[in-house]
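The basis for the numbers below is simple: all heavy atoms, side chains too, and nothing from hydrogens, waters or symmetry mates. Computed from a predicted structure; not experimentally measured.
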Amino acid sequence: MSILTIAREHGAWTAKAAECLAQRLQATILNKEELERRLLEAGMKSKLFRQYDERKPGFLSAFSADQDIYLLYLKGVLLQAASQGNVIVLGRGAHLLLKGLPNCLRVRLVAPLEYRLRNVQEEYGYDQETANRLIHKCDADRAGFLHFHFNEEWADASLYDLTINTSTLSQEQLLDLLASQLSCRVTPPQEEEARRLLGNRLLAQKVATALLVEQKISLAFLDVLADDQGRITLLGATTTAVAAHQAAEAARHIPGVTEVVNQIRVAMEMVHPPHHL
């Protein structure tokens with residue numbers, strides 16, 4: 001069971017290379033099409049996918065609670081896929097959402113603009129001007145997505161395990177490098193630890209989905225933690241003590257939960273905002 005997350009400058013990575021790597025690793029690729037299918041199957045509305053998928057939201061969308069619902073569904077789909085077998089995730093902040101799993105290799109692929117222009121022109125049949133516009137738009141969207149949802153810089157090398165300049169390698173060399181690096185992370189002890197952590201995260205995700213989507217409890221900045229014993233810790237804020245109590249009660253009735261530690265803060269300032277003179 002291996003996880004490979006790939007953040008890529010547009011044109012530094014081709015669809016053909018992704019397919020070849022997936023075949024070699026016997027892995028599922030979560031690209032845009034497959035991710036959308038799984039998100040909609042999980043119950044997310046297609047409107048949310050169009051608004052938030054790998055782009056910085058528009059002005060009005062940025063103030064909507066829908067952004068939290070999108071991330072909730074996205075994280076759930078990624079965790080579910082990671083628990084089922086080998087998976088390759090393209091973009092979508094997966095290197096942050098799956099951070100800390102010992103069987104996960106987080107890679108960023110870069111290349112000079114000239115190299116990326118050639119790739120885009122060959123793959124899509126665009127002229128150079130159109131390819132250049134597409135590259136800059138895609139790169140800006142991906143950087144904006146990461147900054148908005150995670151407050152991180154897309155190009156920050158410290159967020160990845162490995163950064164590769166794809167222009168210096170043949171496709172076969174690149175695949176060899178990724179496969180060899182990934183194999184170092186898929187030892188029996190690492191897989192066992194990854195399954196344990198994924199089990200905890202999936203339980204936490206089940207609780208978060210129940211509170212926000214099914215019960216529709218008014219909670220802000222919700223974070224749910226789960227340990228090996230099924231103990232759940234609820235973090236976040238709400239405007240009433242009633243909502244905080246409802247959240248804890250709902251969590252207690254979820255299969256797998258043995259105990260709930262409720263640390264949801266009742267933020268009175270959310271009810272009575274300060275007046276500005």
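- Counting heavy atoms from C-beta outward, L97 and L74 have side chains that approach closer than 4.5 Å.
- Of the possible donor and acceptor atoms, none in the side chain of R38 sits under 3.5 Å from a partner among the backbone N and O of V77.
- Counting only distance, with no hydrogens or angles, the side chain of E34 and the backbone of N31 share no donor-acceptor pair below 3.5 Å.
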Using the side chain to side chain donor-acceptor pair (under 3.5 Å) rule, take N165 and T168 through it: C-alpha gap first, then chi angles, then the decisive distance, then the call. CA-CA 6 Å; N165 181 348; T168 64; 4.9 Å; no
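- In this structure, the side chain of T258 engages the main chain of Q229 through a donor-acceptor pair within 3.5 Å.
- Taking the ring axis of W154 as reference, the NZ or CZ atom of R108 stays within 45° of it and closer than 6.0 Å to the ring centre.
- Heavy-atom neighbours of Q173 CD from other residues, nucleotides or ligands within 6.0 Å: above the threshold of 12.
- By the 30° and 60° cut-offs, the orientation of the rings of H149 relative to Y52 is perpendicular.
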Go through the steps to decide whether R37 and E41 satisfy the test salt bridge (Lys or Arg N to Asp or Glu O under 4.0 Å), and finish with yes or no. CA-CA 6 Å; R37 185 188 70 79; E41 193 175 78; 3.4 Å; yes
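- Taking the side chain to side chain contact (heavy atoms under 4.5 Å, CB included) definition, one finds that Q171 meets it with T14, K16, A17, C20, L175, sequence neighbours left out.
- Shortest non-hydrogen contact noted between L72 and A208 is CD1-CB, 3.6 Å.
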Atom pairs and distances, side-chain donor-acceptor, residues 194-204, under 3.5 Å, sequence neighbours left out:
residue : atom : partner : partner atom : Å
R196    : NE   : E193    : OE1          : 3.1
R196    : NH1  : D228    : OD1          : 2.7
R196    : NH1  : D228    : OD2          : 3.0
R196    : NH2  : E193    : OE2          : 2.6
N200    : ND2  : D228    : OD1          : 2.7
R201    : NH1  : K99     : O            : 3.0
R201    : NH2  : K99     : O            : 2.6

